[in-house]
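In what follows, a structure is listed as structure tokens, so that the remarks can point back to it.
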Amino acid sequence: MYDLELKQLDVKTTFLHGNLEEEIYIQQPEGFVVPGKEDHVCRLKKCLYGLKQSPRQWYKKFDSFMVGHGYSKSSYDNCVYFQKTSDWSFIYLLLYVDDMLIVARDKSLVNKLKVQLSSEFDMKDLGPAKKILRMEINKDRQAGKLFLSQKKYVFKMLDKFEMRDCKVVSTPIVAHFKLSPTSRCQP
């Protein structure tokens, strides 16, 4: 059995990292109006929160960074990056806007990637991943298993819509379907 290292990171001021590709002008911000030039505008050099371009420019910068450090994008999801290591294992980075989950067998690879990311972006290390995208992450180290659950989120939604006492129905997944190491998808 092997153990996976799961770390969660957050990028601070995410959208401020993007570079603009077009000329954008804004009115002088309140409190920064130059006396005698009230009718002048400011040309932006970097992205700001609220600009339609900001999320795309952030992603382009992040993608360029990851590819530049030898990572490939999954053909199934453009926000999943991976790199094959010298011992034929993998390190994965899953990106959701400014939240990241790094997964690898080797803790030193995770730490190396964290250092690389911190050299380019203002990062916050959230420690071992316990929850991401409303999914709880639980590891059974002895059995070598990883469990994902949305139980708390489901109950929260049932409470919100006053459906806690609704009729229970089975999920549409085939009853005999079991996930195993041999049924995994390749990156």
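Only heavy atoms go into these numbers, but all of them, side chains included; no hydrogens, no water, no symmetry mates.
- Within the 4.5 Å cutoff, the side chain of M163 has no heavy atoms near those of the M157 side chain.
- K152 and E136 get closest at one heavy-atom pair: CG-OE2, 3.1 Å.
- Side chain of E5 to backbone of P128: no donor-acceptor contact under 3.5 angstrom is found.
- You'll find the side chain of E22 reaches within 4.5 Å of the side chain of Q53, heavy atoms only.
- By the 4.0 Å N-to-carboxylate-O rule, D140 lies too far from K145 to be salt-bridged with it.
- Rounding to the nearest 0.5 Å places CE of M123 at 8.5 Å from OG1 of T14.
- Between F62 and V11, every side-chain heavy-atom pair lies at or beyond the 4.5 Å cut-off.
- Checked against E21 for a salt bridge (charged side-chain N to carboxylate O under 4.0 Å, His left out), the options K60, R56, K45 give a single hit: K60.
- At least one donor-acceptor pair closer than 3.5 Å links the side chain of S54 to the backbone N or O of L48.
- Both Y153 and L158 belong to a common hydrophobic cluster when Ile, Leu, Val, Met, Phe, Trp and Tyr are linked at side-chain heavy-atom distances under 4.5 angstrom.
- Residues D106 and T85 are not in side-chain contact: their nearest non-hydrogen atoms beyond the backbone lie 4.5 Å or more apart.
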Practice task
Tell me, with the steps shown, if D10 and M100 meet side-chain contact (heavy atoms from CB on, under 4.5 Å).
Solution key: CA-CA 6 Å; D10 182 72; M100 296 176 198; over 6 Å; no
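- In this structure, CG in N78 is found 7.5 Å from CG in D63, a value given to the nearest 0.5 Å.
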Practice task
Could you give me the CA-CA distance, side-chain angles and deciding distance for Y81 and Q83, then say whether side-chain hydrogen bond (donor to acceptor under 3.5 Å, both in side chains) is met?
Solution key: CA-CA 7 Å; Y81 294 86; Q83 187 178 70; over 6 Å; no
Exercise for the section: For K130 and I137, run side-chain contact (heavy atoms from CB on, under 4.5 Å): C-alpha distance rounded to whole Å, both residues' side-chain angles, the deciding distance at 0.1 Å, then the answer. Expected result: CA-CA 5 Å; K130 294 180 179 91; I137 302 169; 5.8 Å; no
Handout entry: F15 vs V97, side-chain contact (heavy atoms from CB on, under 4.5 Å): CA-CA, chis, key distance, verdict
Key = CA-CA 9 Å; F15 294 151; V97 186; 4.1 Å; yes
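- Other residues, nucleotides and ligands contribute over 12 non-hydrogen atoms within 6.0 Å of the CD atom of E38.
- At a threshold of 4.5 Å between side-chain heavy atoms, the hydrophobic network of Ile, Leu, Val, Met, Phe, Trp and Tyr places V41 and L20 in two separate groups.
- Residue L9 holds its CG atom at 7.5 Å from CG of L93, rounded to the nearest 0.5 Å.
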Exercise for the section: Carefully, step by step, assess V103 and F90 under the rule side-chain contact (heavy atoms from CB on, under 4.5 Å). Expected result: CA-CA 8 Å; V103 181; F90 288 89; over 6 Å; no
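- In this structure, L6 and V110 have side chains that are not in contact, with every pair of non-hydrogen atoms separated by 4.5 Å or more.
- Atom NZ of K46 has more than 12 heavy atoms from other residues, nucleotides or ligands within 6.0 Å.
- Cluster membership for I102 and Y96, using ILVMFWY side-chain heavy atoms within less than 4.5 angstrom, is shared.
- Side-chain contact between C79 and Y59 is present, with at least one heavy-atom pair separated by less than 4.5 Å.
- Within the 4.5 Å cutoff, no side-chain heavy atoms of C47 are placed close to those of P55.
- At a threshold of 4.5 Å between non-hydrogen side-chain atoms, the residues F147 and K139 do not count as touching.
- Checked by atom type and distance alone, the side chain of S119 pairs as donor or acceptor with a backbone atom of Q116 at under 3.5 Å.
- Side-chain atoms of Y25 and E23 form a donor-acceptor pair, as typed in the model, at a separation below 3.5 Å.
- Under the 4.5 Å side-chain heavy-atom criterion for ILVMFWY residues, no single connected hydrophobic cluster contains both V34 and L44.
- No more than 12 heavy-atom neighbours from other residues, nucleotides or ligands sit within 6.0 angstrom of CD on Q27.
- With ring centers used as reference points, F121 lies under 6.0 Å from F65.
- Between L126 atom CG and K7 atom NZ the span is 10.5 Å, to the nearest 0.5 Å.
- Between the Q28 side chain and the H40 main chain, a donor and an acceptor come within less than 3.5 Å of each other.
- With rounding to the nearest 0.5 Å, the separation of CD1 in I91 from CG in L109 is 5.0 Å.
- Neither I26 nor F32 shares a network with the other; the hydrophobic side chains, linked directly or stepwise wherever heavy atoms of I, L, V, M, F, W or Y lie under 4.5 Å apart, form separate groups for each.
- Ring centroid separation for the pair W58 and Y49 does not come in under the 6.0 Å cut-off.
- The main-chain N or O of K114 is found under 3.5 Å from a side-chain atom of S118 such that the two form a donor-acceptor pair.
- A distance of 13.0 Å separates CG of L16 from CD of Q57, quoted to the nearest 0.5 Å.
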